[in-house]
Amino acid sequence: MTNFKFRPYRRRFVRTVSTSHGKWDIRDGIILCFTDESGRVGWGEIAPISWFGSETIEQALDFCRQLPAQITEETIFSIPDELPACQFGFESAWEEVGRWGDGEMGRWGDGEMGRWGDEFLPSAQCPMPNAQCPMPNAQLSALLPAGKAALNQWESLWQQGYRTFKWKIGVDVVANELKIFESLIHTLPAGCKLRLDANGGLSYEEANLWLWTCDNFKANGKQAPEIEFIEQPLPVEQFQGMLELSMCYGTAIALDESIATLTQLTACYQQGWRQIFVIKPGIIGSPSRLRKFCQENKIDAVFSSVFESAIGRVAALKLAAELSLNNRAVGFGIDHFFEQEDTWLLSLWKNL
Ligand SMILES: O=C(O)CCC(=O)c1ccccc1C(=O)O
Ligand SMILES: [Mg+2]
């Protein structure tokens, strides 16, 4: 049995996230707080992306609202598969409560449970993500802005230590993007990797053109940057097309939208996908079932952010650390899309 509270939040990106699905300016999410009988605290976060295949924020809120103030393990482990972001948020908060020994209050409370709003607010400072999970930027992939803005942004990210970059394609017409791509690969220094993310926005012909261009770049003996993979070239419905493409080119393909939830991940694996899997823990569903799947099948996984706050990120990165096999950079280099996080968390606590 645990005491359960939730609070919705809204955060505006400092720069628009442009993908082939359109523009995204605001992240709506929900923070969960569990407190057990002995006062141990666990935090969780629900950060859905409905255009990606998860529930909507309204569905997640409706689910939270119909729950009683005290919930059991049974409730947490029977959240329906239609609410994958809720499964992640509730289960990770639950795991966090269980992690602390008797008498310990967890990483947020510092032994003294503060109050949030009028009810409970962590009295200790806000969770400091970097202090909580120190991870060198070299192990993260930094998300570049779409279009030619990428040409101006990579350098400051490089200076911050990032060595893997992801650039969105399928946003503009292919001829324009190919031109920018040419400039980008000729300016990126040796020792870095580039991921191209089409978000399902290419036609079969365009996908062939991109894969051919990447293969050619490599064949011409160019060593920098290494094109690590093309992510989700075709729409989710065209799984067979992507399977074919994955066998025709040297450049690898990573599935993302196609495997947004555990149900989809299982289906694609069963249908023979063995290249790269982009796992977004924040929307995939139950962490314990994800663990089981990854351990049983030894998939080549790349972990990726859903623009969650430090609370969801800590839980997601914990899974990434447990389940990454090939040391691929995790797609959490997205801080430059937000105002400084501690400031945001502080104001979140204060305004509750
Ligand atoms: O994976 C990354 O490197 C950054 C995160 C990212 O690109 C992303 C974030 C939110 C929603 C969709 C996507 C995506 O990979 O398409
Ligand atoms: Mg993607």
Side-chain angles (χ1 to χ4, degrees), residues 11-29 45-57 84-85 88 135 137-147 149-150 153-154 157 160 162-171 192-202 207 210 225 227-236 242 252-261 264-265 268 273 275-284 300-309 312-313 316-317 319-320 324 328-338:
R11 243 179 135 184
R12 184 176 283 279
F13 297 125
V14 293
R15 49 172 67 86
T16 300
V17 180
S18 290
T19 74
S20 102
H21 298 276
K23 290 182 186 307
W24 187 17
D25 286 300
I26 293 168
R27 157 41 93 208
D28 281 298
E45 178 171 357
I46 304 173
I49 319 180
S50 57
W51 51 264
F52 211 87
S54 83
E55 69 271 53
T56 62
I57 185 72
F88 170 80
M135 193 164 196
N137 286 345
Q139 292 176 25
L140 267 55
S141 168
L143 187 62
L144 295 171
Q153 257 269 301
W154 72 264
L157 293 162
Q160 291 165 45
Y162 292 102
R163 292 298 176 265
T164 302
F165 301 96
K166 177 151 112 177
W167 185 52
K168 297 288 187 185
I169 59 171
V171 181
C192 77
K193 293 185 186 179
L194 183 63
R195 301 170 172 179
L196 301 176
D197 189 358
N199 284 104
L202 305 180
W210 273 108
I227 314 292
E228 195 181 358
F229 53 76
I230 297 189
E231 195 168 314
Q232 195 73 32
L234 306 180
V236 173
M242 288 186 279
I253 296 178
L255 293 186
D256 190 12
E257 279 86 338
S258 289
I259 54 156
T261 63
Q264 292 170 287
L265 172 63
C268 289
W273 189 263
Q275 281 198 336
I276 304 166
F277 295 81
V278 177
I279 306 283
K280 292 180 161 50
I283 54 170
I284 203 152
D300 186 355
V302 173
F303 286 80
S304 166
S305 159
V306 293
F307 292 103
E308 61 279 82
S309 78
R313 181 164 65 221
L317 286 176
L319 285 164
S324 296
R328 294 189 185 272
V330 293
F332 283 79
I334 48 92
D335 284 354
H336 49 293
F337 284 88
F338 287 118

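We count residues from 1, following the sequence as given. Remember, it's 1-based here, ligands and their atoms both numbered in the order they're listed. When reading the values below, keep in mind they use all heavy atoms of this one structure, side chains included, and skip hydrogens, waters and symmetry mates.
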Quick one: do the [X] and [Y] side chains pair a donor with an acceptor below 3.5 Å?
X    : Y    : result
K280 : S304 : yes
E257 : H21  : yes
E45  : S309 : yes

Looking only at heavy atoms, is any part of [X] under 4.0 Å from ligand 1, and if so is it the side chain, the backbone, or both, or is it neither?
X    : value
Q232 : neither
I49  : side chain
D256 : side chain
V302 : neither
E231 : side chain
T19  : neither

Nearest 0.5 Å, please: how far is [atom2] in [Y] from [atom1] in [X]?
X    : Y    : atom1 : atom2 : result
D197 : L144 : CG    : CG    : 11.5 Å
D300 : Q275 : CG    : CD    : 9.0 Å
F88  : S54  : CZ    : OG    : 12.5 Å

[X]: numbered ligand 1 atoms lying under 4.0 Å from its heavy atoms:
X    : result
S305 : 5 (C), 8 (C), 9 (C), 10 (C)
N199 : 14 (C), 16 (O)
F307 : 9 (C), 10 (C)
S304 : 1 (O), 2 (C), 5 (C)
K168 : 7 (O), 13 (C), 14 (C), 15 (O), 16 (O)

Pairing of K166 and E231 as salt bridge, 4.0 angstrom limit: yes
- prompt: If you measure from the Lys or Arg side-chain nitrogens to the Asp or Glu carboxylate oxygens, is any gap between R12 and D28 under 4.0 Å?
  reply: no
Verdict with reasoning, S258 to Q264, per side-chain contact (heavy atoms from CB on, under 4.5 Å): CA-CA 6 Å; S258 289; Q264 292 170 287; 5.7 Å; no
- request: Could you pull out all residues at least two apart from F13 that satisfy ring pair (Phe, Tyr, Trp, His ring centres under 6.0 Å)?
  value: W24, F307, F338
- request: Would you indicate whether the side-chain heavy atoms of S141 and F165 approach each other to under 4.5 Å?
  value: no
Minimum side-chain heavy-atom gap T164-R195 below 4.5 Å: yes
- request: Starting from the Mg ion (ligand 2), count all protein N, O or S atoms within a radius below 2.8 Å.
  value: 3
- request: Quick one: look up the protein heavy atom nearest atom 4 (C) of ligand 1 and list residue, atom name and how far away it is.
  value: G331 O, 3.4 Å
field: Heavy atom of the protein closest to atom 2 (C) of ligand 1 (residue, atom name, distance)
entry: K166 NZ, 3.2 Å
query: Is there at least one pair of N or O atoms, one from W51 and one from ligand 1, spaced under 3.5 Å apart?
result: no
message: For ligand 1, which is the ligand I care about here, please tell me if K280 has any N or O atom under 3.5 Å from one of the ligand's N or O atoms.
response: yes
query: If every non-hydrogen atom of A198 is compared with every non-hydrogen atom of Q232, which pair is closest and at what distance?
result: CB-O, 3.6 Å
